[in-house]
Peer 1: 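Sharing a structure below in structure tokens format, with a few things to ask.
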Amino acid sequence: MSAPHSKTILVVDDNPLDLQFAGGIITGQTGYRVVYARDGVQAMELMQCEKPDLVLTDLQMPEIDGLALVEGLRQRYPFVPAVLMTAFGSEEIAVEALQKGAASYVPKKELRRRLVDTLRGVLAAADGHQRHEKVKTCWQGTHFKFCIDNDDAVIPVLVSHVQQYAAAMCDDDETESFRLGVALHEALRNAIEHGNLELNSRLRADGSDEYYEMAQRRRREPPFCHRRVWIEAYESGDVSRYVIRDEGPGFDRTLVNYDPCDPANIAKPSGRGLFLIHTFMDEVAFNDTGNEITMTRRRKSPRGDAPHARAPRSWQAQQAIQ
């Protein structure tokens, strides 16, 4: 019986000598347990009972070759990495297998020198991914709080941080991540430029630099330079809420038409940010002063790996948006 923390490696090769040679290197240089399969068919059968941590496979085999095995593993066992053993003449197949999901490869002529280091590297990466997936099954929500000054350069860094977290924990796809990024960027830019710095969009209408020159000047002048933007983000599996508050005097939002259903608003020079925010978010609300915006995004396809429990109502972020 293997030790509690040892790894199990499934080695697949139709050549008995190569099979035993690769397995002997692994058992001789590591504490890993090795099981063997003579082809892809037997390998897929063993996957059900052995549950290996990694599959080391030859490429050229009868019935199910290494390429088909990699595809099958990706579909049925996506968290089990596959490493290829490549021989001369199999380079093109190896490239295709890597594109289809294989984690790495080792030329057969270099097995003794490179195999163990390659396996250890892939297993370390897989462990990190599997730990992350395990955390996601018990994750209920996360509350972020940020406070930034009036430097526009901070915006893309903060937005990227939120996007990456939502993609990792909430399984946002590229389209959802893009829409989230645009909405957050516009809201933060509005908070800095129109909120704290009190810049009027009409200054940009004539194409002059007056808008940007005033922005630079006010970043150094009181009271504008002392104002900050406060951001709270609440993430859960099925809903996200973002509260952004500036320290400016606020604005009368009834003066800006940001209806996302009105195509005429696309061409208007003012209200563009609010138009995009309303287009990409499910719910948008302002406080009475007009210096705080709450944006709510509901995911249409919650993750199916665990039920989504809502965060406790005592959380400050939850209180702020009710």
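Positions are given from 1, in the same order as the sequence printed here. Only heavy atoms go into these numbers, but all of them, side chains included; no hydrogens, no water, no symmetry mates.
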Peer 1: What is the distance from atom OH of Tyr242 to atom CD1 of Ile231, rounded to the nearest 0.5 Å?
Peer 2: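 Going from OH on Tyr242 over to CD1 on Ile231, the span is 13.0 Å.
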Peer 1: List the steps, then state whether side chain to side chain contact (heavy atoms under 4.5 Å, CB included) holds for Leu158 with Leu188.
Peer 2: CA-CA 10 Å; Leu158 193 154; Leu188 289 167; 4.2 Å; yes
Peer 1: Tell me, please, which residues at least two apart from Arg217 pass salt bridge (charged side-chain N to carboxylate O under 4.0 Å, His left out).
Peer 2: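 So Arg217 forms a salt bridge (charged side-chain N to carboxylate O under 4.0 Å, His left out) with Glu221.
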Peer 1: Applying side chain to side chain contact (heavy atoms under 4.5 Å, CB included) between Met85 and each of Leu59, Thr57, Leu111, Leu115, report the one that passes.
Peer 2: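 The residue from Leu59, Thr57, Leu111, Leu115 that satisfies side chain to side chain contact (heavy atoms under 4.5 Å, CB included) with Met85 turns out to be Leu111.
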Peer 1: Quick one about Glu235 and Ser240 (side-chain donor to acceptor, distance below 3.5 Å, no hydrogens or angles considered), yes or no?
Peer 2: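 There is such a pair between these side chains.
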Peer 1: Rounded to the nearest 0.5 Å, what separates atom OG1 in Thr294 from atom CE in Met281?
Peer 2: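 Here the interatomic distance stands at 11.0 Å.
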Peer 1: Minimum heavy-atom separation for Leu274 to Phe286, with atom names?
Peer 2: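 Result for this residue pair: CD2-CZ, 3.5 Å.
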Peer 1: For Ala187 and Ile244, work out which heavy atoms get closest and say how close.
Peer 2: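 Heavy atoms of Ala187 and Ile244 come nearest at CB-CD1, 3.6 Å.
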Peer 1: Taking salt bridge (charged side-chain N to carboxylate O under 4.0 Å, His left out) as the test, write out the residues that go with Asp172, two or more places apart.
Peer 2: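 Once residues adjacent in sequence are excluded, the partners of Asp172 under the salt bridge (charged side-chain N to carboxylate O under 4.0 Å, His left out) criterion are Arg297, Arg299.
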Peer 1: Given side chain to side chain contact (heavy atoms under 4.5 Å, CB included), test Gln163 with Leu184 step by step and report yes or no.
Peer 2: CA-CA 10 Å; Gln163 283 178 303; Leu184 287 175; 5.6 Å; no
Peer 1: Once side-chain contact (heavy atoms from CB on, under 4.5 Å) is applied, do any residues pair with Thr27, and if so which ones, sequence neighbours excluded?
Peer 2: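 Checked Thr27 against side-chain contact (heavy atoms from CB on, under 4.5 Å); matches are Val34.
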Peer 1: Which residues pass the salt bridge (charged side-chain N to carboxylate O under 4.0 Å, His left out) test with Arg76, not counting sequence neighbours?
Peer 2: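 By the salt bridge (charged side-chain N to carboxylate O under 4.0 Å, His left out) rule, Arg76 matches no residue at all.
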Peer 1: Are Leu197 and Met214 close enough that some pair of their side-chain heavy atoms sits under 4.5 Å apart?
Peer 2: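 A side-chain contact is absent here, since even the closest heavy-atom pair is not under 4.5 Å.
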Peer 1: Identify the two heavy atoms, one from Gly195 and one from Pro249, that lie closest to each other, and give their separation to 0.1 Å.
Peer 2: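 So the minimum-distance heavy-atom pair works out to O-CD, 3.9 Å.
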Peer 1: Shared ILVMFWY cluster between Leu56 and Tyr77, side chains joined below 4.5 angstrom?
Peer 2: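 No, no single cluster joins them.
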Peer 1: Nearest heavy-atom pair of Asn287 and Gly290: which atoms, and what distance?
Peer 2: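 Distance-wise, the nearest heavy atoms are OD1-N, 2.8 Å.
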Peer 1: Output all residues satisfying side-chain contact (heavy atoms from CB on, under 4.5 Å) with Arg74, sequence neighbours left out; order by chain, then residue number.
Peer 2: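 Arg74 satisfies side-chain contact (heavy atoms from CB on, under 4.5 Å) with no other residue.
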Peer 1: Got a donor-acceptor contact below 3.5 angstrom from the Asn200 side chain to the Leu203 backbone?
Peer 2: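 Flag not set: sc Asn200 to bb Leu203 has no pair under 3.5 Å.
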Peer 1: Please identify which of these residues, Lys145, Arg245, His143, meets the side chain to side chain donor-acceptor pair (under 3.5 Å) condition with Glu232.
Peer 2: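 Among the candidates, only His143 passes.
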Peer 1: Can you pull out every ring-ring contact (aromatic ring centres under 6.0 Å, His included) where at least one residue sits in residues 151-182? Sequence neighbours excluded, please.
Peer 2: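 Only Phe144-His161, Phe144-Tyr165, Phe146-His161 qualify under ring-ring contact (aromatic ring centres under 6.0 Å, His included).
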Peer 1: What is the minimum heavy-atom distance between Ala103 and Pro81, and which atoms define it?
Peer 2: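 Residues Ala103 and Pro81, closest heavy atoms: CB-CB, 4.0 Å.
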Peer 1: For residues 116-123, dump all side-chain donor-acceptor pairs below 3.5 Å to protein atoms at least two apart in sequence or in another chain.
Peer 2:
residue : atom : partner : partner atom : Å
Thr118  : OG1  : Arg114  : O            : 2.9
Arg120  : NH2  : Gln29   : O            : 3.2

Peer 1: Could you report the tightest heavy-atom contact between Ala215 and Leu199, atom names first, then the distance?
Peer 2: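 The pair with the smallest heavy-atom distance is CB-CD1, 3.5 Å.
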Peer 1: When you group the ILVMFWY residues by side-chain heavy-atom contacts below 4.5 Å and let the links chain together, are Phe251 and Val229 in the same group?
Peer 2: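 Yes.
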Peer 1: If two hydrophobic side chains count as joined below 4.5 Å and joins carry through other members, does Met44 share a cluster with Val70?
Peer 2: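 Each belongs to a different hydrophobic cluster.
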Peer 1: Could you tell me whether the side chain of Pro52 reaches within less than 4.5 Å of the side chain of Met47, counting heavy atoms only?
Peer 2: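 Met47 vs Pro52: side chains touch.
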Peer 1: Which value, rounded to the nearest 0.5 Å, describes the distance between Asp13 atom CG and Phe21 atom CZ?
Peer 2: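 These two atoms lie 11.5 Å from each other.
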Peer 1: For the atom pair CD (Glu193) and CG (Asp246), what is the distance rounded to the nearest 0.5 Å?
Peer 2: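 If I round to the nearest 0.5 Å, the distance is 12.0 Å.
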Peer 1: Hey, is Arg33 close enough to Glu50 for a salt bridge, meaning N to O under 4.0 Å?
Peer 2: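 Counted as a salt bridge, because a side-chain N and a carboxylate O are separated by less than 4.0 Å.
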Peer 1: Assigning hydrophobic clusters by single linkage (Ile, Leu, Val, Met, Phe, Trp, Tyr; side-chain heavy-atom cutoff under 4.5 Å), is Leu180 placed with Ile293?
Peer 2: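 Hydrophobic grouping puts Leu180 with Ile293.
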Peer 1: Could you pull out all residues at least two apart from Glu283 that satisfy side-chain contact (heavy atoms from CB on, under 4.5 Å)?
Peer 2: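 So Glu283 forms a side-chain contact (heavy atoms from CB on, under 4.5 Å) with Thr296, Arg298.
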Peer 1: Mind running side chain to side chain contact (heavy atoms under 4.5 Å, CB included) on Phe79 and Asp53 for me, showing each step along the way?
Peer 2: CA-CA 9 Å; Phe79 300 130; Asp53 298 283; over 6 Å; no
Peer 1: Mind checking whether Asp14 and Gln60 have side chains closer than 4.5 Å, heavy atoms only?
Peer 2: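 Side-chain contact under 4.5 Å: no.
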Peer 1: Got a list of side-chain donor-acceptor pairs under 3.5 Å for residues 147-156, not counting sequence neighbours?
Peer 2:
residue : atom : partner : partner atom : Å
Asp149  : OD1  : Asp151  : N            : 3.1
Asn150  : OD1  : Asn196  : ND2          : 2.9
Asn150  : ND2  : Phe224  : O            : 3.1
Asn150  : ND2  : Arg227  : O            : 3.3
Asp151  : OD1  : Ala153  : N            : 3.0
Asp152  : OD1  : Arg219  : NH2          : 3.4
Asp152  : OD2  : Arg219  : NH2          : 2.9

Peer 1: Just verifying a value: how many Å separate Ser177 OG and Asp171 CG, rounded to the nearest 0.5 Å?
Peer 2: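 If we round to the nearest 0.5 Å, Ser177:OG and Asp171:CG are 12.0 Å apart.
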Peer 1: With sequence neighbours excluded, what pairs up with Ala43 under the side-chain contact (heavy atoms from CB on, under 4.5 Å) test?
Peer 2: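 side-chain contact (heavy atoms from CB on, under 4.5 Å) list for Ala43, sorted by chain: Leu10, Val12, Ala37, Leu69.
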Peer 1: Can you check side chain to side chain contact (heavy atoms under 4.5 Å, CB included) on Met295 and Arg241, steps first, answer last?
Peer 2: CA-CA 6 Å; Met295 302 176 292; Arg241 291 189 176 93; over 6 Å; no
Peer 1: State plainly whether one hydrophobic cluster holds both Met61 and Leu54, where clusters connect Ile, Leu, Val, Met, Phe, Trp and Tyr through side-chain heavy atoms under 4.5 angstrom apart.
Peer 2: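 Hydrophobic grouping puts Met61 apart from Leu54.
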Peer 1: What residues, two or more places apart in sequence or in another chain, satisfy salt bridge (charged side-chain N to carboxylate O under 4.0 Å, His left out) together with Glu247?
Peer 2: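 Residues passing salt bridge (charged side-chain N to carboxylate O under 4.0 Å, His left out) with Glu247: none at all.
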Peer 1: Answer yes or no: is there a donor N or O on one side and an acceptor on the other, between the side chain of Thr30 and the main chain of Tyr32, under 3.5 Å?
Peer 2: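 Yes.
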Peer 1: For Gln42, enumerate each residue passing the side chain to side chain donor-acceptor pair (under 3.5 Å) test, keeping only those at least two apart in sequence or located in another chain.
Peer 2: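 Gln42: side chain to side chain donor-acceptor pair (under 3.5 Å) contacts with Arg38.
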Peer 1: How long is the gap from CD on Glu176 to CZ on Arg179, to the nearest 0.5 Å?
Peer 2: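 Answer for the CD-CZ pair, Glu176 versus Arg179, is 8.5 Å.
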